Amino acid sequence: MYCNSLDGPQFDMYKLTSEVQLLRWNEPDPGVFIAESARIIERALQAGYEPISVLSEEGKAEAEAMKLMTLFHKVQAPFYVSSKEVIEDMAGFHLARGMLCAMQRKPLPTMEEILAGKKRVAVLADVENPTNVGAIFRSAAAMGIEAVILTPGSCDPLYRRSSRVSMGTVFQIPWTFSARPGHMASSEQTHTMMETFRKNGFKTVALALRDDAISIEDAVLQKEEKLAIILGNEDGGISEDILKECDYTAIIPMKPGVDSLNVAAASAVAFWQLANHTF
């Protein structure tokens, strides 16, 4: 259906710039998220996410969207087409790939459900930047990390930019948040998360610049049957509450005069070294 105007209530969710608003769209049920580009939408559909509607720029993107909906012939979602200018004016951002899809979120699994049967997982401790979150997921998928746990202070992996930067791997790797935001005090959230790792047989290693840190090349880390690799906030690193409960702290050896990498780059190096490669 071609639309000269996107003023109707069916387009309201596309206008929301706040992820909190999207999360609460169907409260108390899970909210919605916006996927951008054919590749990301296709991977979300493959993962079983239910589309609410599709909004496409006319032209090439429209043809791609029609092809995508044909591949997933069971999808019964309204399909709207408009000009790039009208869509960008409504959404409030530059449309990089010409296609948006509003999708229904799924209930998040518990940490115990996520950890079951896993041996190598990543932990994002208050990683706030959506680009970093997306890049870490992409590295995790490439290097054999089996799941991702995020603390409540981390960016939502289904945020539009995170999922796009991840190239859709946020729909391929199991993930969940360690706790609901505001559900308990930060220190209590941390202790509960770390205790859950222990109860499920995991050792924890934090990437942190500390005097007692070992190299990620240390054989003791590779020998651990189950290992949770913890990555910290872009500015403050990993909190002391987490560090004091970790089994190990580790560093990436690097040339003198440079003490750290961006968290996304560090994740790729650490995952390559510490994951059990079975591919």
Side-chain angles (χ1 to χ4, degrees), residues 18-33 47 49 104-130 132-137 140 145-163 166 169-208 226-249 263-264 267 270:
S18 167
E19 289 303 299
V20 173
Q21 290 175 298
L22 289 172
L23 280 167
R24 294 177 175 172
W25 187 267
N26 292 324
E27 209 167 34
D29 294 327
V32 302
F33 66 96
Y49 284 90
Q104 183 72 52
R105 288 177 180 266
K106 297 179 181 180
L108 287 176
T110 64
M111 267 190 69
E112 288 83 355
E113 290 170 335
I114 287 287
L115 296 177
K118 309 297 192 304
K119 294 188 175 181
R120 290 293 186 273
V121 303
V123 183
L124 277 57
D126 296 347
V127 178
E128 299 173 324
N129 186 285
N132 284 336
V133 169
I136 292 169
F137 265 84
I145 296 299
E146 299 167 283
V148 178
I149 305 294
L150 304 99
T151 65
S154 294
C155 177
D156 179 10
L158 297 186
Y159 176 63
R160 182 178 56 86
R161 182 163 180 79
S162 296
S163 62
S166 82
T169 55
V170 296
F171 305 113
Q172 296 176 306
I173 300 178
W175 62 269
T176 196
F177 281 94
S178 60
R180 299 196 307 273
H183 182 56
M184 59 183 75
S186 177
S187 59
E188 188 179 353
Q189 288 178 350
T190 295
H191 179 72
T192 299
M193 178 181 73
M194 301 302 280
E195 186 64 21
T196 301
F197 282 125
R198 286 189 285 269
K199 288 180 178 178
N200 285 272
F202 278 82
K203 297 292 186 177
T204 51
V205 55
L207 266 62
K226 296 182 177 182
L227 194 64
I229 305 161
I230 304 176
L231 304 159
N233 176 268
E234 292 86 348
D235 294 323
I238 298 171
S239 71
E240 284 299 319
D241 284 343
I242 291 178
L243 288 173
K244 70 183 181 183
E245 294 203 45
C246 280
D247 297 293
Y248 306 101
T249 55
V263 66
S267 74

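Every value quoted in this text rests on a predicted model; they were computed, and no experiment measured them.
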Between Thr190 (side chain only) and Asp241 (backbone N and O only), is there a donor and an acceptor less than 3.5 Å apart? no
With heavy-atom distances below 4.5 Å as the criterion, would you say the side chains of Thr196 and Met193 are in contact? no
Heavy-atom donor-acceptor pair, Ser162 side chain to Pro130 backbone, under 3.5 Å: yes
Any chance NZ of Lys226 has more than 12 other-residue heavy atoms, nucleotides or ligands included, within less than 6.0 Å? yes
Val133 and Val127 have their tightest heavy-atom pair at CG2-O, 3.6 Å
Is there a donor-acceptor contact under 3.5 Å from the side chain of Trp175 to the main chain of Val170? yes
Would you say the side-chain atoms of Glu234 pair up with the backbone N or O of Glu128, donor to acceptor, closer than 3.5 Å? yes
Donor-acceptor check, side chain of Asp156 to backbone of Leu158, threshold 3.5 angstrom: yes or no? yes
Can you find a pair of side-chain heavy atoms, one from Glu146 and one from Pro174, that are under 4.5 Å apart? no
Could you grab the distance from atom CD of Glu195 to atom CE of Met111, nearest 0.5 Å is fine? 10.5 Å
Quick one: closest heavy-atom pair of Ile145 and Ala122, and the distance? CG2-N, 3.6 Å
Answer yes or no: is there a side-chain heavy-atom contact under 4.5 Å between Val148 and Pro157? no
Report yes if the side chains of Glu245 and Arg198 come closer than 4.5 Å at any heavy-atom pair, otherwise no. yes
Between Thr176 and Pro109, is there a donor-acceptor pair closer than 3.5 Å when you use the side chain of the first and the backbone of the second? yes
Applying salt bridge (Lys or Arg N to Asp or Glu O under 4.0 Å) as the test, list every pair that has at least one member in residues 108-118; sequence neighbours left out. none
Are the side chains of Cys246 and Phe197 in contact, using a 4.5 Å heavy-atom criterion? no
Quick one: are Thr151 and Gln189 in side-chain contact, heavy atoms under 4.5 Å? no
Determine whether a donor-acceptor pair (N or O, by modelled atom type, separation under 3.5 Å) exists between the side chain of Gln104 and the backbone of Tyr49. no
The side-chain contact (heavy atoms from CB on, under 4.5 Å) partner of Leu207 among Thr249, Ile230, Ile229 is Ile229
Please name the pair of heavy atoms, one in Ala264 and one in Ile136, separated by the smallest distance, quoted to 0.1 Å. CA-CG1, 3.9 Å
Is the backbone N or O of Asp126 less than 3.5 Å from a side-chain atom of Asn233, with the two atoms forming a donor-acceptor pair by type? yes
Within a strict 4.5 Å, meaning less than it, do heavy atoms of the Asn200 and Phe202 side chains meet? yes
If I take atom CG from residue Asn132 and atom CZ from residue Arg161, how far apart are they, to the nearest 0.5 angstrom? 10.0 Å
Separation between CG (Leu231) and CG (Leu124), nearest 0.5 Å, reads 6.0 Å
